[in-house]
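Here is the structure we will look at.
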Amino acid sequence: MTATLEEHPLASFDLGNAGAKIKTADVAEEFRSIAGRLSRNRAFGEIKSPLVFTFNEETLVFGDDARDLIDGEPIAYTDMSRYTAGFYRQLFAAALWRSFRHIAIKGVVYPTIACSIPVSEYADGKGDEVKKNVEGTYDIHGLDGITLHAVVQPNQVVIIPEGAGSYFQALYAPDSGLASREVAVIDIGFYTTDLTIWNKGSYVTGSAKSAKHGVRQVAAAVYQFLRLKYNYEGDLWAVDSALSAGCIDVGNKCRGFTEERDTAYANLLNDVFAFYRSNKGSRTPGAILISGGGAEGVYKFLPDNLRDEGWRVITNARRANADGGYRFLQQREAAKAK
């Protein structure tokens, strides 16, 4: 008989269209949200990737390793319906495997999970559908013979809008001063930018808004430049991964694109600013926190007057949703224990 862990481990998942971020007591990880079936050709030798596993009789590879270990191109589901469809459950399984594989031998894992979803889905009341999609039993098998048995119970999954984790991370920081203030969080992801507003520690009902602006338009501008100038034949995901470096290998040279990248980020900032102004209504937040993968890129073009108005990049902006969601669970469990 399989033993059961006496305690429910905590985890926070931010499983976005471009990247998946996870946070547990032992693991802080990020991987690309692309996947495929492991190739039947094992000529490449021993597989050491931590994101290869068998789930529902399919051996899957997630993350950048998928490019090397599958036949054909990796898949990436970008339609919002994926949050209530099969691919998201597979991505959720990948997050469970990466989070808890190291404790699999201790018994069945019953995790408590904070899960971030786009504010458009959150505002439409899709949280319960997401829970139904991910709930149930997971038997995940590694190539090394290790099996993770996990049971995801609906009452142990907390759905939060993207941006909420970023707010909690900032709120619980030492001497943040945010508990008594009105705060806007602008989360700049790959496909969307999401807005939530918080007042004295609580979410302002109805404030969740979303726009189709994101880092994708920066990656697309750079991708187009590379194709036209250097006949680049890679994919958009590889370009996205190279944005911070400002150059990418084409042939035997690293081709620069900083000018095209910076112009696209400046344009993205203009879009984000217009989106914020048109959706905040009459509210006047004293702090505007920018989070997500696009935060650092747009912030360097922020005018001084906006910085004076309280605009700033949150600490560790790419991971803020996952890390802050974990802090939220910690605070919640501590309050229950009192």
Side-chain angles (χ1 to χ4, degrees), residues 1-16 18-77 82 85-115 130 133-153 156-157 237 241 319 322-323 325-326 329:
M1 182 176 179
T2 305
T4 300
L5 290 179
E6 294 182 0
E7 296 185 4
H8 294 211
L10 305 180
S12 177
F13 295 166
D14 179 14
L15 309 181
K21 294 93 175 175
I22 59 178
K23 170 63 180 172
T24 73
D26 304 309
V27 177
E29 189 62 88
E30 178 178 351
F31 58 91
R32 180 72 65 182
S33 298
I34 55 177
R37 293 175 182 166
L38 181 67
S39 173
R40 295 179 183 274
N41 177 13
R42 299 300 177 87
F44 36 60
E46 183 183 2
I47 298 173
K48 298 181 179 181
S49 171
L51 288 166
V52 178
F53 58 89
T54 299
F55 176 61
N56 288 345
E57 300 183 351
E58 285 188 299
T59 302
L60 304 171
V61 186
F62 273 83
D64 287 324
D65 287 336
R67 291 192 177 93
D68 302 323
L69 299 178
I70 71 172
D71 297 320
E73 295 296 319
I75 56 174
Y77 287 80
R82 78 189 192 99
F87 178 76
Y88 190 75
R89 187 174 175 86
Q90 291 178 333
L91 183 58
F92 199 89
L96 288 172
W97 177 248
R98 188 66 186 89
S99 297
F100 302 122
R101 178 190 178 282
H102 65 291
I103 59 173
I105 61 172
K106 294 183 178 180
V108 180
V109 177
Y110 290 83
T112 298
I113 300 172
C115 193
V130 175
N133 188 24
V134 302
E135 70 181 42
T137 301
Y138 291 75
D139 293 319
I140 307 172
H141 310 281
L143 300 183
D144 56 2
I146 292 178
T147 295
L148 171 67
H149 300 285
V151 178
V152 177
Q153 301 168 311
Q156 294 302 114
V157 178
W237 308 109
S241 296
R319 292 194 47 84
D323 294 349
Y326 186 76
L329 287 180

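Just so it is clear, the values below take in all heavy atoms, side chains as well, and ignore hydrogens, waters and symmetry mates.
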Atom pair CG/CD of Leu15 and Gln90 - distance to nearest 0.5 Å: 12.5 Å
Residue pairs passing the salt bridge (charged side-chain N to carboxylate O under 4.0 Å, His left out) test where at least one lies in residues 48-66, sequence neighbours excluded: Arg37-Glu58, Asp64-Arg67
Spacing of Ile140 atom CD1 and Thr54 atom OG1 [to the nearest 0.5 Å]: 10.5 Å
Sidechain-backbone polar pair: Ser33 side chain, Gly16 backbone, donor-acceptor under 3.5 Å: yes
Residue list, side chain to side chain contact (heavy atoms under 4.5 Å, CB included) with Glu73, at least two apart or on another chain: Asp235
Approximate separation, where rounding is to 0.5 Å, of Tyr88 OH and Asn133 CG: 8.5 Å
Minimum side-chain heavy-atom gap Pro50-Phe31 below 4.5 Å: no
Partners passing salt bridge (Lys or Arg N to Asp or Glu O under 4.0 Å) against Asp139 (at least two apart in sequence or in another chain): none
Distance, nearest 0.5 Å, that separates CZ of Arg101 from OG1 of Thr147: 10.0 Å
CH2-NE2 distance between Trp97 and His102, expressed to the nearest 0.5 angstrom: 12.0 Å
Least distance between heavy atoms, Leu96 atom then Pro111 atom: CD2-CG, 4.2 Å
Minimum heavy-atom distance Leu329-Ala114, with the two atoms named: CD1-N, 3.5 Å
From CG (Leu148) to NE2 (His141), nearest 0.5 Å: 9.5 Å
Distance-minimising heavy-atom pair for Ala104 and Ile146: CB-CG2, 3.9 Å
Closest contact, heavy atoms only, Ala18 versus Arg32: O-CD, 3.0 Å
Derivation of the side chain to side chain contact (heavy atoms under 4.5 Å, CB included) call for Arg98 and Leu51: CA-CA 7 Å; Arg98 188 66 186 89; Leu51 288 166; 4.1 Å; yes
Residue that, paired with Ile47, satisfies side-chain contact (heavy atoms from CB on, under 4.5 Å) out of Asp68, Thr59, Leu38, Asp144: Leu38
Row check, Tyr138 ring normal vs Arg89 NZ/CZ: under 6.0 Å, within 45°: yes
Nearest heavy-atom neighbours spanning Phe92 and Cys115: CE1-SG, 4.2 Å
Shortest non-hydrogen contact from Lys23 toward Ala322: CB-O, 3.8 Å
